[in-house]
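Beneath this line is the structure, given in structure tokens, with notes to follow.
We use all heavy atoms of the structure for the numbers below, so side chains are in, but hydrogens, waters and symmetry mates are not. A note on names: the letters A, B, ... follow the listed sequences, proteins ahead of strands, and every chain is numbered from 1. What you see is a predicted model, and the numbers here were worked out from it, not measured in a lab.
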Number of protein chains: 2
Amino acid sequence: MNLRQLITLCEVVDQGLKLSAAALTLHRSQPSITRQIQELEEELGAKIFLRKRNRILELTPHGREILASARRIVTELRNIRSASDDLAETAHGNFTVATTHTQARYTLPRVIRQFKGEYPNVHLSLRQATPVQCCELVARGAVDIAICTETRDALDEVIQIPCYRLNRSVVVPPAHPLLKVKPLTIEAIARYPVITYDEGFSGRWVLDRAFARRGLEPNVVLSAIDADVSKAYVEMGIGIAILATVAFDATRDAGLRTIDAGHLFAPSTLSVVARRNSYLRAYMLSFIGMFAPKLTRAAIGKALAGQPPGAPRKLPEL
Amino acid sequence: MNLRQLITLCEVVDQGLKLSAAALTLHRSQPSITRQIQELEEELGAKIFLRKRNRILELTPHGREILASARRIVTELRNIRSASDDLAETAHGNFTVATTHTQARYTLPRVIRQFKGEYPNVHLSLRQATPVQCCELVARGAVDIAICTETRDALDEVIQIPCYRLNRSVVVPPAHPLLKVKPLTIEAIARYPVITYDEGFSGRWVLDRAFARRGLEPNVVLSAIDADVSKAYVEMGIGIAILATVAFDATRDAGLRTIDAGHLFAPSTLSVVARRNSYLRAYMLSFIGMFAPKLTRAAIGKALAGQPPGAPRKLPEL
DNA sequence: CACCGTTACGGTATCCGTAAGGATT
DNA sequence: AATCCTTACGGATACCGTAACGGTG
């Protein structure tokens with residue numbers, strides 16, 4: 001058995017069971033990939049993939065077990081590399097963060113500016129995705145960490161460290177009738193067409209639940225991943241938007257008005273997501289510290305080791 | 001980086017930082033081992049071992065980190081192999097159990113006889129050690145499982161699954177005055193020279209504590225790993241023995257008498273010890289089931305995944 | 001025909017073992 | 001002297017990439 005075989009296996013699965021796609025991302029020829037998998041199957045004496053006429057359909061149950069172990073091995077490999085690079089004080093390196101649009105656009109710019117100043121030689125890339133996708137990316141090691149709202153059905157390969165509470169606001173055009181409704185109620189909102197987050201975002205889930213509890217259903221005329229798109233449509237008079245409060249910028253959004261709706265919708269939890277047992281390089285820990293100052297290196301280390309950070313104290317609002 | 005390098009690293013450490021010893025157990029030449037380590041250090045750009053003039057002294061802090069990851073990788077490797085062998089229904093295989101003398105001699109023979117009957121082609125080996133050593137052997141993967149009394153300071157690489165309560169008895173020659181002391185007390189025992197387990201065994205620890213709580217100290221004239229040795233010395237009139245109740249066999253030990261001391265000494269817990277996240281082959285699970293029938297495959301799987309088996313019910317007495 | 005995976009073949013690179021060297025106890 | 005690690009060198013093995021082949025939609 002061979003490390004390359006295991007890495008190959010992981011990549012093939014990540015590429016949707018496509019040998020040719022894996023060959024590209026691994027910078028290897030296709031036949032090489034075929035062989036790696038074949039030799040692995042031969043050595044283990046069992047098929048990993050279900051094939052039909054030279055076409056790979058899915059993993060066998062046994063293949064899934066092997067994959068799980070292979071992923072853990074690949075993670076540990078990265079850990080060894082990261083730890084060594086850290087020790088050598090390699091100032092350069094890569095750092096990939098998965099996050100949702102709202103965080104990328106409104107929360108992270110400050111953090112990223114600071115990070116770029118302190119670590120100019122680290123290549124930072126952002127990858128935009130839904131919270132569920134974020135967790136998957138972390139789980140397979142495609143990104144180093146994710147910053148997103150917590151998902152209910154978390155994979156147990158990842159650890160979510162809660163950082164902030166996230167409240168909602170209603171964004172409306174100036175002089176909208178809702179601005180005079182005090183206090184704001186779900187029933188009042190239900191009278192207007194709504195623009196909000198897409199399925200799969202916790203924002204949407206929280207909204208649907210708050211309406212359902214009143215026996216109502218929101219009249220969602222448009223769902224967007226992107227808070228900016230939502231706001232643009234509010235300006236056009238298509239409807240009102242229910243967004244994270246952070247997604248409203250008083251100066252930039254001077255053409256809009258906002259109404260706090262923290263009392264109507266359950267707050268979401270904004271977390272840092274990392275793979276369990278992963279070694280985070282010093283600059284990654286530093287990044288997390290810039291994002292959430294209470295997450296010191298020690299606190300993150302403890303959380304990664306598996307234990308939740310003691311008493312779940314009240315989180316600060318973002 | 002290479003699997004062989006990581007396996008080599010683990011073995012070198014297990015052999016007490018001796019390259020030559022590792023070469024023997026890995027069936028490789030010494031220069032090969034040297035190169036593996038050198039190449040690993042070179043690739044990572046950091047020393048793993050602290051050397052002094054061609055002599056390896058210890059691991060560097062960084063080396064310890066790498067070792068920890070390497071061990072996890074080697075474990076997962078074994079998991080992959082075991083799972084594959086299981087699937088192929090390979091009836092043969094190896095199985096190494098670490099245990100203490102008392103269990104090897106009095107508890108396990110029944111289990112082993114049954115196991116040998118059902119799996120004649122599995123090569124089973126027992127390895128005798130103290131409970132602490134047992135856990136270490138499991139932790140570094142030198143044995144598949146251990147069966148021993150629980151140790152207080154358990155390594156977090158291993159999981160201990162409690163199975164039985166273990167009580168003590170006092171073993172005396174026939175017509176010994178203690179036979180007439182009813183109920184038996186610590187104070188009464190303290191009047192006689194005692195033979196019992198060596199340091200490092202939970203039996204010894206429990207005994208010392210029971211005496212200390214009364215402000216007494218046992219007059220230990222001989223400490224042995226081996227209950228049979230202890231009993232032999234009792235027969236010779238050297239002293240009385242305080243042993244696990246299971247270590248007394250009424251027929252074989254007809255020349256001795258036993259007094260239950262369950263009310264004087266805290267019971268120990270006899271557990272199965274396995275490495276966390278390890279894949280145990282079907283026949284190993286079967287063995288554990290023969291030893292402790294309540295440990296079904298599902299129960300063991302749950303315990304290995306990391307969670308203790310719910311409410312710690314009262315354990316059966318052995 | 002385009003796409004995907006498998007098989008065949010030649011060249012390079014890796015890695016092993018033997019042999020020899022330097023250092024320590 | 002014995003033990004231990006390192007360096008040097010020749011040979012076998014493994015692995016990669018190019019090229020050609022067989023199925024599939």
Identify the pairs formed between an N or O of the protein and an N or O of nucleotides 21-25 of chain C at a distance under 3.5 Å, and give each distance.
| unit_1 | atom_1 | unit_2 | atom_2 | d |
| --- | --- | --- | --- | --- |
| C:dT24 | OP1 | B:R53 | NE | 2.8 |

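- Partner of B:L9 under the side chain to side chain contact (heavy atoms under 4.5 Å, CB included) criterion, chosen from B:L67, B:I73, B:V74: B:L67.
- Residue B:I56 is the one, among A:Q36 and B:I56, whose nearest nucleotide of DNA chain D lies closer to the 5' end (criterion: closest heavy atom).
- A:R276 places a side-chain N or O within donor-acceptor distance of the main-chain N or O of A:D156, the cut-off being under 3.5 Å.
- Contact check, B:Q30 against C:dC16: no side-chain N or O comes under 4.0 Å of OP1 or OP2.
- The distance between atom CD1 of B:I33 and atom P of C:dT18, rounded to the nearest whole Å, is 13 Å.
- Residues meeting the side chain to side chain donor-acceptor pair (under 3.5 Å) test with B:T8, sequence neighbours left out: none.
- Each end of the helix from C:dC1-D:dG25 to C:dT25-D:dA1 gets its own rotation axis from five pairs of C1' atoms, and the angle between them is 30° to the nearest 10 degrees.
- Atom CD1 in B:I37 sits about 12 Å away from atom C1' in D:dC5, given to the nearest Å.
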Test side-chain contact (heavy atoms from CB on, under 4.5 Å) on A:R140 and A:R71; report intermediate values, then the result.
CA-CA 7 Å; A:R140 30 181 258 235; A:R71 283 213 196 280; 3.5 Å; yes
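- To the nearest angstrom, C1' of C:dT14 lies 10 Å from CZ of A:R4.
- Within the model, atoms CD of A:E58 and CG of A:L17 stand 8.5 Å from one another, a figure rounded to the nearest 0.5 Å.
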I'd like to know whether A:F287 forms a side-chain contact (heavy atoms from CB on, under 4.5 Å) with A:V122, so could you lay out the CA-CA distance, the side-chain angles of the two residues, the decisive distance to 0.1 Å, and finally the verdict.
CA-CA 11 Å; A:F287 180 93; A:V122 173; over 6 Å; no
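- In this entry the distance linking CG of A:L57 with P of C:dC4 reads 15 Å, nearest Å.
- Between the side chains of A:E42 and A:Q38, not a single donor N or O lies within less than 3.5 Å of an accepting N or O.
- Judged by distance alone, the side chain of B:Q5 and the main-chain N or O of B:N2 form a donor-acceptor pair under 3.5 Å.
- Evaluation of the salt bridge (charged side-chain N to carboxylate O under 4.0 Å, His left out) rule for A:E43 yields B:R81 as partners, not counting sequence neighbours.
- Nucleic acid contact for A:E39: sugar-phosphate only, since backbone atoms but no base atoms lie under 4.0 Å from a heavy atom of the residue.
- Between A:S32 and the phosphate of D:dC15, there is no side-chain N or O to OP1/OP2 separation shorter than 4.0 Å.
- Contacts between residues 6-28 of chain A and DNA chain D, defined by a heavy-atom separation under 4.0 Å, are made by A:H27, A:R28.
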Could you go over nucleotides 7-14 of chain D and give all protein N or O partners under 3.5 Å, atom names and distances?
| unit_1 | atom_1 | unit_2 | atom_2 | d |
| --- | --- | --- | --- | --- |
| D:dT7 | OP2 | B:Q38 | NE2 | 2.6 |

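- A donor-acceptor pair is defined here as one N or O able to donate and one able to accept, closer than 3.5 Å; such a pair exists between the side chain of A:R275 and the backbone of A:A139.
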Take B:L40 and B:L6 through the side-chain contact (heavy atoms from CB on, under 4.5 Å) test and state the conclusion after the steps.
CA-CA 8 Å; B:L40 191 58; B:L6 300 176; 4.3 Å; yes
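- Between B:L50 atom CG and D:dC5 atom P there is a gap of 15 Å when expressed in whole angstrom units.
- Of the possible donor and acceptor atoms, one in the side chain of A:T60 sits under 3.5 Å from a partner among the backbone N and O of A:I48.
- Set against D:dC15, C:dT18, D:dT18, the side chain of B:S29 has C:dT18 as its closest nucleotide.
- Using modelled atom types and a 3.5 Å distance limit, the side chains of B:T102 and B:Y197 yield a donor-acceptor pair.
- For A:Y119 and A:F95, the gap between ring centers reaches or exceeds 6.0 Å.
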